[in-house]
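Here is the structure we will look at, set down as structure tokens.
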There are 2 protein chains.
Amino acid sequence: MAADRLSQVFAALADPTRRDIVARLTLGDASVAELAQPYDVSTQAVSKHVKVLQDAGLVSRGRDAQRRPCHLEAEVLDLMTAWIERYRRAADERFRRLDALLAQDQNSERPEPGAAS
Amino acid sequence: MAADRLSQVFAALADPTRRDIVARLTLGDASVAELAQPYDVSTQAVSKHVKVLQDAGLVSRGRDAQRRPCHLEAEVLDLMTAWIERYRRAADERFRRLDALLAQDQNSERPEPGAAS
DNA sequence: TTCTTTCACAACCAATTGGTTGCATACGAC
DNA sequence: GTCGTATGCAACCAATTGGTTGTGAAAGAA
């Protein structure tokens, strides 16, 4: 349970059902029972999924009479985007340097067209 | 093993060690032994982690004598970014609509905010 | 050839996960 | 108060995961 936030978010979204739930919540808040409707699993199972999303900070719960509607906290997604983009960019830059090196290597034979998209 | 690619990528990056390995690979290709160096786990354990990354399509292997260097396939990260951004944007738009509705609400009456389903 | 290095595969074990069911609780209706 | 709905919590089970060790294959070096 003591995993870092980023791992929790990644793990939470590794399950197709939970990604589905997140997608569903972009359309509007929903109770556990409403979320469980499309699936043929028990509401308890969905409740567990929601708890995972909640622990990851992706979902917050409200209170409306007996219902406790789930609300998507989309900002947490930025955590992942930040991580991904960081290393995506690092990899890209490395590839660019590598390409440049190769181009320099073959300078006499094949001048490199600027293929750095 | 029959999970969809997106789930595999999310699950692969849910482990801090594997995220570390990916980060390490942005600096350059590396063998399993080199990757295992900083950790106090067996090379076999690292080999398993690499296999997970490989199954997710994040890493490809080469051949250099006995060494089988790991190479980062960064394009797969775009899969995740696409998913995240899609729902991030959907959530943002919904919030904007909600805000607009609330602003309208203050100007006139109260036309039931939660009934957008 | 034999030795060493690098690594994958198989078997095994402990911990976690995703599901179940049953019971308890919170709230509104009666 | 009692009843019904929505939900959480605990216990349990099967499957998966992350680690281990042992064996063995592939590719050079001696």
Side-chain angles (χ1 to χ4, degrees), chain A residues 1-22 24-25 28-72, chain B residues 1-22 24-25 28-72 114 117:
Chain A
M1 266 298 213
D4 59 298
R5 170 55 56 93
L6 195 49
S7 295
Q8 283 185 295
V9 180
F10 274 118
L13 293 182
D15 186 287
T17 303
R18 288 197 288 263
R19 282 202 306 279
D20 239 40
I21 290 176
V22 168
R24 168 71 172 74
L25 287 178
D29 296 359
S31 68
V32 170
E34 287 166 351
L35 289 173
Q37 196 94 328
Y39 312 106
D40 57 348
V41 298
S42 62
T43 61
Q44 287 89 340
V46 173
S47 184
K48 272 196 180 183
H49 281 306
V50 167
K51 186 155 176 43
V52 172
L53 292 169
Q54 207 175 338
D55 288 343
L58 278 161
V59 157
S60 62
R61 311 296 300 273
R63 169 66 85 174
D64 168 33
Q66 307 97 314
R67 304 172 69 256
R68 299 195 204 175
C70 305
H71 174 80
L72 183 64
Chain B
M1 273 294 227
D4 58 298
R5 170 57 56 93
L6 195 49
S7 296
Q8 284 186 293
V9 180
F10 274 117
L13 293 182
D15 186 287
T17 303
R18 288 196 288 264
R19 282 203 306 280
D20 239 41
I21 290 176
V22 168
R24 169 70 172 75
L25 287 178
D29 297 358
S31 68
V32 170
E34 287 166 351
L35 290 173
Q37 196 93 330
Y39 312 107
D40 57 347
V41 297
S42 60
T43 61
Q44 286 90 337
V46 174
S47 184
K48 272 197 179 183
H49 281 306
V50 168
K51 187 155 176 42
V52 173
L53 292 169
Q54 208 175 339
D55 288 343
L58 278 162
V59 157
S60 62
R61 311 297 299 275
R63 169 65 87 175
D64 168 33
Q66 307 99 314
R67 302 170 72 257
R68 300 196 205 175
C70 305
H71 174 81
L72 182 63
S117 41

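Atoms considered below: every heavy atom in the structure, side chains included; atoms not considered: hydrogens, waters and symmetry mates. Note on naming: letters A, B, ... go to the chains in the order of the sequence lines (proteins, then strands), and numbering restarts at 1 for each one.
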A:P16: what forms a side chain to side chain contact (heavy atoms under 4.5 Å, CB included) with it, not counting sequence neighbours?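 Side chain to side chain contact (heavy atoms under 4.5 Å, CB included) check on A:P16 returns A:R19, B:D4, B:S7.
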query: Taking only residues two or more places apart in sequence or in another chain, which ones pass side chain to side chain contact (heavy atoms under 4.5 Å, CB included) with A:A14?
result: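 Here the qualifying residues are B:F10, B:A11.
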Requested in this report: Identify, residue by residue, the members of residues 28-38 of chain B with a heavy atom below 4.0 Å from DNA chain C, and return them in order of residue number, or none.
Outcome: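 Within residues 28-38 of chain B, the residues near DNA chain C are B:S31, B:V32, B:A33.
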Does D:dT7 have its OP1 or OP2 closer than 4.0 Å to a side-chain nitrogen or oxygen of A:S47?
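Answer no for this pair, as no side-chain N or O of A:S47 is under 4.0 Å from OP1 or OP2.
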Worksheet entry | Test salt bridge (Lys or Arg N to Asp or Glu O under 4.0 Å) applied to B:R24 - qualifying residues, sequence neighbours left out |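 Scan of B:R24 (salt bridge (Lys or Arg N to Asp or Glu O under 4.0 Å), adjacent residues dropped) gives none.
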Applying salt bridge (Lys or Arg N to Asp or Glu O under 4.0 Å), name anything that partners A:D15, two or more places apart in sequence or on another chain.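 By the salt bridge (Lys or Arg N to Asp or Glu O under 4.0 Å) rule, A:D15 matches no residue at all.
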Testing the basics here: between B:L25 and B:A30, what is the closest heavy-atom pair and its distance to 0.1 Å?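 Minimum heavy-atom contact is CD2-N, 3.8 Å.
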Interatomic distance, A:D55 CG vs D:dC9 C1' [rounded to whole Å]:
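The answer, rounded to whole Å, is 14 Å.
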Rounded to the nearest angstrom, tell me the gap between atom CG in A:L53 and atom P in C:dT17.
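After rounding, the reported distance stands at 14 Å.
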Report for the helix from C:dT1-D:dA30 to C:dC30-D:dG1: angle between first-end and last-end helix axes, five pairs each, rounded to 10 degrees.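 Angle reported: 10°, given to the nearest ten degrees.
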Set of residues satisfying side-chain hydrogen bond (donor to acceptor under 3.5 Å, both in side chains) with respect to [X], sequence neighbours excluded:
X: A:D40; answer: none
X: B:S47; answer: none
X: B:R68; answer: none
X: A:Q37; answer: none

Taking ring pair (Phe, Tyr, Trp, His ring centres under 6.0 Å) as the cut-off, I'd like each qualifying pair that reaches into residues 47-72 of chain A, sequence neighbours left out, listed once.
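Every ring pair (Phe, Tyr, Trp, His ring centres under 6.0 Å) pair that includes a residue of residues 47-72 of chain A, provided the two are not neighbours, is A:H71-B:F95.
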Protein-proximity profile, nucleotides 18-30 of chain D, B/S/- by nucleotide at the 4.0 Å heavy-atom cutoff, equals BBBBB----BS--
